[in-house]
Structures are given as structure tokens and as C-alpha cells.
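Here's a structure for you.
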Amino acid sequence: MQPPSLNLATPSLALLLSLLACLTSQIIQKVVAAPANSTVPAVLVFGDSIVDTGNNNYLPSLAKCNFPPYGRDFMGGAATGRFSNGKVPSDLIVEAMGIKELLPAYLDPKLTLQDLLTGVNFASGGAGYDPLTSDIEIAMTLSEQLNLFEEYIEKVKSGIGEERSKKIVSESLYVLCTGSNDIATTYFPTLLRKLHYDIASYTNLLVQFASTFIQELYRVGARKIVVISLPPIGCVPSQRTLRGGIARLCVENYNQAAMLFNSKLSSQLNLLNKNLPQFRFLYVDIYNPLIDLIQNPYKYGFEEATRGCCGTGIIEVAIVLCNGNPFTCTNSSKYIFWDSYHPTERAYKVILTPIFNNLKSLF
């Protein structure tokens, strides 16, 4: 006797598989749908404490701020690891793009697939272009941040497929913001680089590191990159206190180093723009907007330009003296700086106006 034929079951199985495939496709389509008001699917950020949204919470670094008074003006007053009283540039940029309100840290274990698809943050407080800076601060180097980004690509690919993941990678907006720690932490206070480089050759080295990193981003698919300049490092409250004399003046050699680097970086970006097909960049000068803000605080509605809101405001930063400081100012909106190194959310909004005004030029 012949065994029963299985042909009758085949259409049912095929139908079931077809329905399952259709349902899966619809789910994926819904998940990867671009935000309604955005021209890019995601924002991906690399750099230091100016843009870190909490990655250092998960690192053995002293550059932490996941404790009060940090985050005092953030949602629910939560100290999330953002080096400010509220939102930081990463959040403000992704919000300005109409993608989402906050940019989560990539190392946050609670990340969802949707978080990945609309952008995450790889920045690490204390990092620099110079890998030696990250070693001093126990932060993630740019190379380590790049490794996490490549891991991110694989996660996205496994979630939505290779074709769609390539589209997200190529159409996303990339933001790079670092370099201040190279000048303020590595070069001037130590002999680690000063023994081998004068400031001209050291800024050349930093530009070389920056160029290499940008080309690595390009290699893995990035095409639209915002690169943020160095600020007037010598005018932040901590540097005024440490090296500005009794009058706490701006430290000119720090500012000169920042301007020299900025000039060289801008030229290098122009060169990359000519040599890399489909590469588009936006160089954002925050040096001049911040120095204008510091020199003319009342013009922008600020009252204090040389001290931070936390404690005395002359030296407190992160876990050093700002941790739980009960003498934090009552109204941070009057202050340009939150602690002795990082601006307040309101100051960031003023400084970042050039980004918001020029982002559309990338598309």
C-alpha cells in the first residue's frame, strides 16, 4: 500500500508561509519608516563630553555625571550622564531634524531596534582626536567608537536586512565633536606630547587623526557629516581659574591653539570633499558664536559668563566637586556654563544656531 500523499498539505503550508512573510514585511516596513518631519532616517554622533548622552555611565571613567545636580532641568530632573543641566547638542540636533526628542547612548542596555534605526550616540566624555587623550581620561577612543558603530551596523542589518541597513547608513547624518581635551588635558598640562611636538605640529597631528577617522566613517558608508569646531577653550571657567591669573582672564595660548586647529581642519575637510565621491560635509564654527556669547552675555539674555552654575563655578566639573554640590545656582538660564567646563542647555541652543540654519545644505 502506498503511503498517504502529502500534496494536500502543501498548499496550506505555502499559504501559511506566504502570510507569515507578508506580516513580517509589514512589520519591518513600519519599523523602518522614516520620521515624518525628517529628511534623514537617523543621527549618529561621535566625540566627547559635549555630545555624550550617557555612554560613560558604563565605563570605569572619572568623567561621569550621572548624579545631581546634573540633569536638574532635564526631563523629570534625571541625571542621565549628560554633562549639562538639560539636553546636550546630540539631543538638540536630532530634535531639530524632526527625528526624535533625545539621542540615546549606544551602551544603554535598554536600547530597542527602533532606537537603533533612528540614531544613537557613540561619544564618550573625555575623548579626543588623539588616542592618548582618551587613555588619560579613561574614555573610548574614536577607533573604539568606530568599532561600536560597525557593531551597530551588524545589529541593524540583522534586524531589517542588508539592503535597508545600507540605506540607513548612507542617508543618515553623522556628527563629530571632539578635540578640546586634546588641548586642555593632553598637550598643555603634560609633557606627553609637548616633548615631541610644538603646537603647530601637534595640531597637524590632530587634523591627521580627524581626517583618518572621517575617511573610516566614509569607508563604512557615511556620506553626510557635520564636523564641529573647537570652542575657545581658554575661556571656559576651569581654564580661567587654573591658568588665567588672579583676574581669571581667558588663556590666550589655548584659544590660539584652538583657532589654529580649526583653520587646518576646515582646509582638510575641503580637500576630502574634493577627493571623496558623494561626500558632503558641514563644518560648524562654534568658536566665534561662543566667544561672542562670552564677551556679550547680556545681548543674549545671560548674566554670568565666567563662572559655572555648579558650586563656585570656577573649578567644579563632573565627579570632581560638582557631585551633589548643594550650592548650585537657582536659575541656570542666566549662566552660559553649567559647570566649569560645559555650557548650559540654553547656551547650547544659542551656540548651535549655525547648525540648525545650515543642516539643510547637506541634502
Side-chain angles (χ1 to χ4, degrees), residues 43 45-53 65 70 73-74 82-97 101-103 121 123 125 173-181 183-184 225-240 250-251 254-255 257-259 261-263 265-266 281-310 313 317 329 331-362:
V43 172
V45 174
F46 303 83
D48 57 23
S49 60
I50 297 298
V51 287
D52 185 0
T53 54
C65 56
Y70 287 93
D73 303 308
F74 193 71
R82 289 168 168 82
F83 290 78
S84 189
N85 62 306
K87 295 178 181 178
V88 295
S90 307
D91 304 311
L92 299 175
I93 291 171
V94 77
E95 186 177 22
M97 294 300 296
E101 190 170 3
L102 302 172
L103 192 70
N121 191 330
L173 179 69
Y174 296 77
V175 178
L176 175 59
C177 177
T178 191
S180 296
N181 297 314
I183 303 298
I225 302 178
V226 170
V227 182
I228 299 176
S229 78
L230 295 193
I233 307 164
C235 292
V236 303
S238 59
Q239 301 310 321
R240 287 176 180 267
C250 291
V251 188
Y254 280 47
N255 285 351
M259 287 189 289
F261 171 80
N262 288 342
S263 176
L265 177 64
S266 178
F281 79 92
L282 176 63
Y283 170 76
V284 177
D285 168 32
I286 63 167
Y287 185 100
N288 288 299
L290 181 53
I291 201 74
D292 183 53
L293 188 60
I294 291 169
Q295 292 173 348
N296 304 286
Y298 293 100
K299 182 171 75 173
Y300 298 92
F302 293 92
E303 296 180 8
E304 179 55 70
T306 67
R307 296 172 181 264
C309 175
C310 180
V317 63
C329 73
N331 187 358
S332 60
S333 68
K334 297 179 180 179
Y335 285 70
I336 293 173
F337 292 96
W338 167 248
D339 58 21
S340 71
Y341 203 89
H342 305 94
T344 58
E345 177 183 332
R346 181 165 177 258
Y348 277 134
K349 288 179 178 178
V350 174
I351 298 165
L352 292 173
T353 298
I355 294 184
F356 303 148
N357 289 343
N358 293 293
L359 274 177
K360 291 183 179 179
S361 68
L362 282 179

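All figures in this text were calculated on a predicted structure; none of them were measured in a lab.
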Expected output: side-chain S90 to main-chain V51 donor-acceptor under 3.5 Å: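 Yes.
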Side-chain touch E303/P297, heavy atoms, less than 4.5 angstrom: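 No; the side chains remain at least 4.5 Å from each other.
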Can you see which heavy atom on Y335 is nearest to which on T344, and at what distance?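 That would be O-OG1, 2.9 Å.
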Side chain to side chain contact (heavy atoms under 4.5 Å, CB included) evaluation trace for T306 with R240: CA-CA 8 Å; T306 67; R240 287 176 180 267; 3.6 Å; yes
Keeping N255 on the side-chain end and I233 on the backbone end, is there a donor-acceptor pair under 3.5 Å?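 Between the backbone of I233 and the side chain of N255 there is a qualifying donor-acceptor contact (under 3.5 Å).
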Check: P289 and T353 side chains under 4.5 Å, non-hydrogen atoms: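 The answer is no; the side chains never approach within 4.5 Å.
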With rounding to the nearest 0.5 angstrom, report the CZ to CG distance, F356 to L352.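 So the gap between those two atoms works out to 5.0 Å.
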Mark yes or no for whether D285, through its side chain, and N288, through its backbone, hold a donor-acceptor pair below 3.5 Å.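 Checking the backbone N and O of N288 against the side chain of D285, a donor-acceptor pair under 3.5 Å is found.
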Approximate separation, where rounding is to 0.5 Å, of I355 CD1 and I286 CD1: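 One gets 7.5 Å once the value is rounded to the nearest 0.5 Å.
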Contact check, side chains of Y283 and N262, non-hydrogen atoms, under 4.5 Å: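 Touching, per the 4.5 Å side-chain cut-off.
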Taking side chain as C-beta onward, heavy atoms only, is F281 less than 4.5 Å from L176?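 Counting from C-beta outward, F281 and L176 never come under 4.5 Å.
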For the side chain of D52 and the backbone of G125, is there at least one donor-acceptor N/O pair under 3.5 Å apart?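 It does hold such a pair.
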Considering non-hydrogen atoms only, spot the tightest contact between P343 and S84 and give its length.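 Minimum heavy-atom contact is O-OG, 3.0 Å.
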Are the side chains of F46 and Y174 in touch, meaning some heavy atoms are under 4.5 Å apart?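 The answer is yes, as the side chains (C-beta and beyond) meet within the 4.5 Å cut-off.
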Show the nearest heavy-atom pair for residues P237 and G308, with the distance to one decimal.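 Smallest interatomic distance, heavy atoms only, reads CG-N, 4.0 Å.
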E345 and R82 ion-paired at < 4.0 Å: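 R82 and E345: not salt-bridged.
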Of all the heavy-atom pairs spanning D48 and S180, show the shortest one and how long it is.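 Of all heavy-atom pairs spanning D48 and S180, the closest is OD2-N, 4.3 Å.
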Have a look at V175 and tell me which of V94, I228, L103, L282 forms a side chain to side chain contact (heavy atoms under 4.5 Å, CB included) with it.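 That would be I228.
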Rounded distance [0.5 Å steps], CD1 in I294 versus OH in Y300: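 Spacing of CD1 (I294) from OH (Y300) equals 11.0 Å.
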To the closest 0.5 Å, what do you measure between CD (Q239) and OH (Y341)?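 The distance works out to 6.5 Å.
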Between T53 and N121, do the side chains contain a donor N or O and an acceptor N or O under 3.5 Å apart?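 Side chains of N121 and T53: pair found under 3.5 Å.
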If you measure from NZ on K87 to CD1 on I93, what distance do you get to the nearest 0.5 Å?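 Answer for the NZ-CD1 pair, K87 versus I93, is 13.0 Å.
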Taking the SG atom of each, are C329 and C310 under 2.5 Å apart?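 The sulfur gammas are not closer than 2.5 Å, so no.
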Taking only Lys NZ, Arg NE, NH1 and NH2, and the carboxylate oxygens of Asp or Glu, determine whether D73 and R346 approach each other closer than 4.0 Å.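 Salt bridge: no.
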Does the side chain of K334 come within less than 4.5 Å of F302's, by heavy atoms?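 A side-chain contact is absent here, since even the closest heavy-atom pair is not under 4.5 Å.
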Does the side chain of F337 come within less than 4.5 Å of E304's, by heavy atoms?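 Result no, sub-4.5 Å side-chain heavy-atom pair not found.
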Is there side-chain contact between V284 and S229, with heavy atoms separated by less than 4.5 Å?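 Answer no - side chains too far apart.
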The test is side chain to side chain contact (heavy atoms under 4.5 Å, CB included); show your working for W338 and F83 and say whether it passes. CA-CA 8 Å; W338 167 248; F83 290 78; over 6 Å; no
Once rounded to the nearest 0.5 Å, what's the spacing between atom CG of L293 and atom SG of C235?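 Reported to 0.5 Å precision, the distance equals 11.0 Å.
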Expected output: side-chain N296 to main-chain K299 donor-acceptor under 3.5 Å: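 Answer holds: no.
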For I50 and V88, run side chain to side chain contact (heavy atoms under 4.5 Å, CB included): C-alpha distance rounded to whole Å, both residues' side-chain angles, the deciding distance at 0.1 Å, then the answer. CA-CA 7 Å; I50 297 298; V88 295; over 6 Å; no
